[in-house]
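Treat the numbers as computed from the prediction; the structure is a model and nothing was measured.
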Amino acid sequence: MTVHAPSLPAERLTALRAVVSHCTVSNTLADAPDTRVHVRCEPDSAETPQAVEHGHVDAG
C-alpha cells in the first residue's frame with residue numbers, strides 16, 4: 001500500500017507508518033479472508049448456483 005502525504009513533516013513519518021500499519025484496510029489486505037460469492041439468476045432456482053472463489057468460477 002502506498003500513502004501519499006506530500007505535506008507531512010518528516011518528523012511525523014514514523015507516526016503515520018504506525019497508523020497505516022494498524023488500519024482496517026491494511027490489516028485486511030495483509031491477511032485477506034476466504035470469500036465465496038454465489039450468483040443466482042432466479043430466486044427459486046433448483047440448480048446449484050455458480051460460485052466464484054478467488055477469481056475462479058466453480059460450477060458446482
Side-chain angles (χ1 to χ4, degrees):
M1 177 185 311
T2 301
V3 176
H4 294 276
S7 61
L8 183 73
E11 63 270 10
R12 302 298 300 154
L13 185 57
T14 301
L16 178 61
R17 283 189 181 128
V19 169
V20 172
S21 71
H22 291 93
C23 83
T24 303
V25 173
S26 179
N27 289 332
T28 300
L29 292 173
D31 189 23
D34 289 333
T35 59
R36 191 172 195 112
V37 177
H38 296 276
V39 178
R40 293 181 186 262
C41 296
E42 297 177 24
D44 296 326
S45 176
E47 295 179 25
T48 303
Q50 279 193 335
V52 178
E53 190 170 2
H54 299 293
H56 302 286
V57 176
D58 177 12

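For the residue pair S21 and A18, the shortest heavy atom distance occurs at OG-O, 2.9 Å.
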Under 3.5 Å, sequence neighbours excluded: what are the donor-acceptor pairs made by side chains of residues 6-17?
none

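With sequence neighbours excluded, the residues forming a side chain to side chain contact (heavy atoms under 4.5 Å, CB included) with S26 are M1, C23, listed by chain and number. Every residue two or more places apart in sequence or in another chain that forms a side chain to side chain contact (heavy atoms under 4.5 Å, CB included) with T24 is listed here: T28.
Both V25 and V3 are part of a single hydrophobic cluster, where members link through side-chain heavy atoms under 4.5 Å apart.
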